[in-house]
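A short write-up of the structure that comes next.
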Amino acid sequence: MKKDLTISGVSVRELAREYSTPLYVYDEGMMASRMDEFTSNFRSDKFNTHVAYASKAFLCKAMARLVNKKGLCIDVVSGGELYTVLSAGFPAEKIYFHGNNKAPYELEYALKSGVGTIVADNMDEIRDIAAMAEGLDTVANVMLRMNPGISAHTHEYIMTSAPDSKFGMALCDIAEIAEAIKEAEKTGHFKFKGIHSHIGSQIFAKDAYIAQIQTMSNFIHDLESEYSLPVKEISLGGGFAAYYTQKDEPIPVDEVCRTIIAECEKQKDAFALSFDTLSIEPGRSIAGEAGYTVYTVGYGKVSAGKKYVFVDGGMGDNIRPALYGAEYRCDVISEDDNGEASVCTVAGKCCESGDVIINAAEIPNAKKGDLILVYTTGAYGYSMSSNYNRLPRPAVVFVNGAESRVVVKRETWEDVASHDVTE
């Protein structure tokens with residue numbers, strides 16, 4: 001039991017009092033420090049390095065401005081994310097545009113906006129980009145997303161490089177891929193820039209990255225030597241883990257960066273690869289541990305021996321436990337000493353049996369009006385939030401030192417119904 005806790009020196013009680021709950025809170029200084037940690041450690045004497053923030057983890061205009069301030073690139077996966085970062089003043093030339101099924105209007109928006117790199121997911125998209133760029137009389141800088149077929153040890157829903165993954169092109173299709181690139185380049189409006197791959201999320205083993213680099217280096221060597229297509233940039237995606245519970249042991253940033261750089265330098269020399277830029281895309285590892293969710297306890301009950309503590313949010317603000325069994329840890333903030341800890345289920349208010357934030361949480365007895373602080377909700381909490389049961393989305397607050405500010409307003413009932421058409 002805690003009388004109070006602080007986030008970047010700001011009282012959680014004061015945050016709940018000022019901004020209400022449920023509430024997303026981000027430690028802005030922690031995110032800035034993690035960005036610096038990546039950029040300072042991801043360096044090589046043999047090639048340039050880019051760190052691109054994977055904005056799908058958490059994005060709003062304030063976050064895009066912070067990423068730009070710290071000198072990172074950014075990647076987006078939809079027209080909405082692209083619009084957000086451009087609206088925040090992010091330089092278009094530092095944007096990577098991903099996605100396995102970009103709509104024509106999204107590609108057109110990216111090309112007209114001067115997005116620095118489009119990452120093509122399939123061969124039809126290569127042809128569409130070339131044709132659209134020609135019609136707009138512009139040049140598209142394009143990387144190809146390849147599927148190395150490496151299954152990192154993670155949940156199947158976030159394992160993006162299994163042999164049957166929906167993402168990327170198969171390495172065995174190299175001849176067809178090379179032909180598509182050369183046909184696209186004949187237009188004079190398509191510039192083949194490099195190769196991208198990504199093997200999943202929450203990766204705890206350095207060997208997974210080494211296997212990825214070795215596999216992709218072999219493919220790139222064949223592309224350069226057999227098909228005369230120089231690869232100037234290699235992106236290894238992200239997947240860097242965050243700490244959720246005591247079972248997690250994320251690889252330290254400096255260690256994983258050293259591992260990747262060393263292996264890429266080794267493969268560059270071994271195969272005489274021509275790439276001059278290496279990129280990575282951390283997202284969860286930047287935003288995850290810097291984010292918290294604050295709830296207020298409502299009712300509680302015991303059902304067939306199972307103890308429940310209900311909070312004023314749930315799967316509308318954090319779908320991850322219901323979606324793929326994500327686990328979290330929490331603390332109870334109370335003015336009273338509520339006795340010994342007991343095992344309970346922290347559940348939300350949505351009309352779903354699966355609306356559970358934490359199963360089997362060992363916490364002090366929480367009573368109505370207490371606060372529950374859930375840790376490491378900064379990645380994919382807000383991004384995957386919804387209005388299920390017509391619940392308004394929470395506000396997002398940044399704290400830094402003793403200061404706090406709203407960066408995303410709390411939705412109201414009126415906001416939720418604002419797009420309804422009344423006859």
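This is a predicted model, so every value here is computed, not measured. Throughout, residue positions are numbered sequentially from 1 according to the sequence presented.
With rounding to the nearest 0.5 Å, the separation of CD in Glu263 from CG in Leu278 is 11.5 Å. Atom CD1 of Ile358 and atom OH of Tyr328 lie 9.0 Å apart (nearest 0.5 Å). Rounding to the nearest 0.5 angstrom, the gap separating the CD atom in Glu134 from the OG1 atom in Thr187 is 5.5 Å. For the atom pair Glu233 CD and Ile195 CD1, the distance stands at 11.0 Å (nearest 0.5 Å). With values rounded to the nearest 0.5 angstrom, Cys60 atom SG is found 7.5 Å from Arg65 atom CZ. Separation of atoms CD1 (Ile234) and CE (Met143) is listed at 8.0 Å; rounding is to 0.5 Å.
A salt bridge does not link Arg127 to Glu183: none of the charged side-chain nitrogens sits closer than 4.0 Å to a carboxylate oxygen. Salt bridge absent: Asp355 and Lys349 never bring a charged side-chain N and a carboxylate O closer than 4.0 Å. The residues Arg145 and Glu125 are annotated as not salt-bridged, no charged nitrogen and carboxylate oxygen being separated by less than 4.0 angstrom.
Side-chain polar atoms of Asp415 and Thr412 form a donor-acceptor pair below 3.5 angstrom. Judged by distance alone, the side chains of Thr117 and Lys193 do bring a donor and an acceptor atom under 3.5 Å apart. Side-chain contact of Glu352 with Tyr388: a donor-acceptor pair under 3.5 Å is present, judged by distance alone.
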For this session: Could you go through the side chain to side chain contact (heavy atoms under 4.5 Å, CB included) check for Lys2 and Leu371 one step at a time?
Result: CA-CA 10 Å; Lys2 310 287 185 183; Leu371 300 176; over 6 Å; no
Problem set entry | Full working for salt bridge (charged side-chain N to carboxylate O under 4.0 Å, His left out) between Asp128 and Lys102 | CA-CA 10 Å; Asp128 285 348; Lys102 305 177 192 71; over 6 Å; no
Problem set entry | side chain to side chain contact (heavy atoms under 4.5 Å, CB included) assessment of Val332 paired with Val309 | CA-CA 11 Å; Val332 176; Val309 172; over 6 Å; no
For this session: Walk me through it: do Glu28 and Lys69 pass the test salt bridge (charged side-chain N to carboxylate O under 4.0 Å, His left out)?
Result: CA-CA 12 Å; Glu28 186 177 17; Lys69 179 181 177 181; over 6 Å; no
For this session: Determine, stepwise, if the pair His98 / His196 fulfils ring-ring contact (aromatic ring centres under 6.0 Å, His included).
Result: CA-CA 10 Å; His98 290 261; His196 175 279; 4.6 Å; yes
For this session: Kindly determine whether Arg284 and Tyr244 satisfy side-chain hydrogen bond (donor to acceptor under 3.5 Å, both in side chains), including the steps that lead there.
Result: CA-CA 11 Å; Arg284 178 197 313 269; Tyr244 288 91; 2.8 Å; yes
For this session: Please report the C-alpha distance between Phe192 and Leu223 in whole Å, then the side-chain angles of each, then the deciding distance to 0.1 Å, and finally whether the side chain to side chain contact (heavy atoms under 4.5 Å, CB included) criterion is met.
Result: CA-CA 12 Å; Phe192 172 55; Leu223 200 61; 4.0 Å; yes
For this session: Go through the steps to decide whether Tyr24 and Tyr19 satisfy the test ring-ring contact (aromatic ring centres under 6.0 Å, His included), and finish with yes or no.
Result: CA-CA 10 Å; Tyr24 297 115; Tyr19 301 110; over 10 Å; no
For this session: Take Gln267 and Ile220 through the test side chain to side chain contact (heavy atoms under 4.5 Å, CB included) and record every step on the way to the result.
Result: CA-CA 10 Å; Gln267 295 298 322; Ile220 292 165; over 6 Å; no
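Without hydrogens or angle criteria, Ser55 side chain to Asp75 main chain gives a donor-acceptor distance under 3.5 Å. With hydrogens and angles ignored, the 3.5 Å screen pairs a side-chain donor or acceptor of Thr377 with a backbone N or O of Thr293. Of the possible donor and acceptor atoms, none in the side chain of His189 sits under 3.5 Å from a partner among the backbone N and O of Ala130. A donor-acceptor pair is defined here as one N or O able to donate and one able to accept, closer than 3.5 Å; no such pair exists between the side chain of Ser113 and the backbone of Ala110. Thr277 places no side-chain N or O within 3.5 Å of a backbone atom of Asn48 that could act as its donor or acceptor partner.
Closest approach of Phe310 to Gly348, counting heavy atoms only: CD2-O, 4.2 Å. The two residues Gly194 and Val231 come nearest to each other via the heavy atoms CA-CG1, 3.8 Å. Of all heavy-atom pairs between Cys257 and Phe38, the closest is SG-CD2, 4.0 Å. Thr21 and Ala16 make their closest contact through CG2-CB, 3.8 Å (heavy atoms, listed as atom of the first residue, atom of the second, distance). Taking every heavy atom of both residues into account, Gly114 and Ala92 meet most closely at O-CB, 3.6 Å. Smallest separation of non-hydrogen atoms from Ser353 and Val356: O-CG2, 4.0 Å.
Counted within 6.0 Å of CG on Asp420, heavy atoms from surrounding residues, nucleotides or ligands total more than 12; the atom is thus considered enclosed. Counting heavy atoms of neighbouring residues, nucleotides and ligands inside a 6.0 Å radius, atom CD of Glu255 exceeds 12 of them. Counting non-hydrogen atoms of neighbouring residues, nucleotides and ligands closer than 6.0 angstrom, the CD atom of Glu226 exceeds 12 such neighbours. The environment of NZ in Lys232 is crowded: more than 12 heavy-atom neighbours from other residues, nucleotides or ligands sit within 6.0 Å. Remark: Lys182 NZ is packed, more than 12 non-hydrogen atoms of other residues, nucleotides or ligands lying under 6.0 Å away.
Between Met63 and Ile286 there is a side-chain heavy-atom pair separated by less than 4.5 Å. Between Met35 and Leu66, some side-chain heavy-atom pair lies under the 4.5 Å cut-off. Using a 4.5 Å cut-off on side-chain heavy atoms (C-beta onward), Thr39 and Leu72 make contact. Asn68 places a side-chain heavy atom less than 4.5 Å from the side chain of Lys94. With a 4.5 Å cut-off on side-chain heavy atoms, Ile261 and Arg43 do not count as touching. Side-chain atoms of Ser235 and Glu281, non-hydrogen and from C-beta on, do get closer than 4.5 Å to each other. Between Val25 and Leu15, some side-chain heavy-atom pair lies under the 4.5 Å cut-off. Proximity of Ile177 to Met123: side-chain heavy atoms (C-beta onward) are separated by under 4.5 Å at one or more points.
Ring geometry, Phe58 versus Tyr26: the interplanar angle falls under 30°, so the pair is classed parallel (tilted spans 30 to 60°). Taking the six-membered ring where tryptophan is involved, the planes of Tyr375 and Tyr292 are perpendicular, since the angle between them exceeds 60° and thus also 30°. Below 30°, between 30° and 60°, or above 60°: for Tyr83 and Tyr109 the angle between ring planes is between 30° and 60°, a tilted geometry.
Seen from the ring of Phe47, Lys268 does not count as a face-on cation partner, given the 6.0 Å and 45° thresholds.
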